[in-house]
Amino acid sequence: MSFKKDVVLLIKPYYWVNILMSISYIAAKRAPMICNYLWTYLFNQQDQCELDGRETEILFFLLIVVMIRTRKTGSVTMINYLTSSFTYTKIANLGLWFYSDIRLGLIYGALFILVALTLPEPTYSGPDNVVYLRSENGLDEELERDKRVNWVVTFYTVWNPACANFAPIIAELSAEYSLPNLKFGKVDIGRFPSIGQKYHVSDSSFSRQLPTVILFRNGKEVARRPHADAKGKLVKFFFSADNVKAAFDLNNLYKECKENPIKGPKAIASTTEKKKN
């Protein structure tokens, strides 16, 4: 996703409201008019417009947590970083408001819940051409149906932030590269764990394999990301559109598939249900 698209997305209420909530405490502390009104005028508390040692420690710890978590989720754009950090920054702000005054904490907590209920994260609404494989044998059946079809399959879970961040990227790639002999599929291994076990993709909450993208040619796996090195250690992979294109050589694969279209009865499209994420 380009920087320009990221900036456009920031206009949506979900993002700017959550940004305001994420910086609310430190902004209130550093803005003299707000600070004096809240603590001095409303609650008759003096000398509250400076961060004390405990508050500084909480903010420093928050910075470390956000940096670690955004790296683990594979965030590669501004929007990804923001989305990955909102939960942690808002929880930290909740703690800071309670630490300052329980009444302010209760007000912030109520606002926290209200925003969560009324402003869900925007989902990708553009075109896609993804086949959702919704049965235990769905993937195997498609691979065996016609081995001339190349499949780029994403193994994901609905609860994983990295999978959520990757969803619009794979949707856009599917719209750009799909052909009758080059298809994009998705498998929810949280719903069908046996598929994850068969293809050695862990659905654990501690898994570093989510999402995993596998390229199948002639019904066989030929490449995957993330993959293990010669020592069996998982190699970190950042799931940007450019990285996926390069890792699976999608431009050349698309060119090859387009120059060699499927002919004959097997060219009939699969009836597997398609539905947007």
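- To the nearest 0.5 Å, the span separating CD1 on Ile195 from CD1 on Ile189 amounts to 9.0 Å.
- A donor-acceptor pair is defined here as one N or O able to donate and one able to accept, closer than 3.5 Å; no such pair exists between the side chain of Trp97 and the backbone of Leu104.
- Counting only distance, with no hydrogens or angles, the side chain of Asn243 and the backbone of Phe239 share no donor-acceptor pair below 3.5 Å.
- For Ile102, the CD1 atom sits in a loose shell: 12 or fewer heavy atoms of surrounding residues, nucleotides or ligands are nearer than 6.0 Å.
- Distance alone, capped at 3.5 Å, is enough to place a donor-acceptor pair between the Thr118 side chain and the Leu114 backbone.
- Without hydrogens or angle criteria, Thr212 side chain to Gln209 main chain gives a donor-acceptor distance under 3.5 Å.
- For the atom pair Phe238 CZ and Asn165 CG, the distance stands at 12.5 Å (nearest 0.5 Å).
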field: Stepwise side chain to side chain donor-acceptor pair (under 3.5 Å) test for Asn252 and Asp249
entry: CA-CA 6 Å; Asn252 286 327; Asp249 198 15; 3.0 Å; yes
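- Judged purely by distance below 3.5 Å, without hydrogens or angles, the side chains of Asn251 and Lys245 never pair a donor atom with an acceptor atom.
- Taking CD1 of Ile23 as the start and CG of Asn93 as the end, the distance is 9.0 Å to the nearest 0.5 Å.
- Distance alone, capped at 3.5 Å, places no donor-acceptor pair between the Asn129 side chain and the Ser174 backbone.
- A salt bridge between Glu55 and Lys29 is present, with a side-chain N of the basic residue lying under 4.0 Å from a carboxylate O of the acidic one.
- In the hydrophobic clustering of this structure, Leu234 does not group with Val201; members are Ile, Leu, Val, Met, Phe, Trp, Tyr whose side-chain heavy atoms approach within less than 4.5 Å, directly or through other members.
- You'll find the ring centres of Phe216 and Tyr199 inside the 6.0 Å limit.
- Ile214 contributes atom CD1, which lies 14.0 Å from atom CH2 of Trp151 (distance to the nearest 0.5 angstrom).
- Cation-pi geometry between Lys186 and Tyr132 is not met at under 6.0 angstrom from the ring centre and within 45 degrees of the axis.
- With rounding to the nearest 0.5 Å, the separation of CG in Asn218 from CZ in Arg148 is 11.0 Å.
- Between Phe184 and Tyr177, the ring-plane angle classifies as tilted under the 30° and 60° cut-offs.
- Note on Lys198 versus Glu136: no salt bridge recorded, every NZ/NE/NH1/NH2 to OD/OE distance being 4.0 Å or above.
- Ring geometry, Phe86 versus Tyr14: the interplanar angle exceeds 60°, so the pair is classed perpendicular (tilted spans 30 to 60°).
- Using a distance-only test at 3.5 Å, with no hydrogens or angles considered, no donor-acceptor pair links the side chain of Asn137 to the main chain of Glu141.
- If you check the side chains of Thr157 and Asp203, you find no donor sitting under 3.5 Å from an acceptor.
- Aromatic ring centres of Phe166 and Tyr156: separated by at least 6.0 Å.
- Remark: Asp101 engages Arg103 in a salt bridge, criterion side-chain N to carboxylate O under 4.0 Å.
- Asp188 has no carboxylate O lying under 4.0 Å from a charged side-chain N of Arg134, or vice versa, which leaves the two without a salt bridge.
- Looking at Tyr108, its side chain never comes within 3.5 Å of a backbone N or O of Gly95 through a donor-acceptor pair.
- With Thr89 contributing its side chain and Ser85 its backbone, the two residues share a donor-acceptor pair below 3.5 Å.
- Distance alone, capped at 3.5 Å, places no donor-acceptor pair between the Asn150 side chain and the Leu182 backbone.
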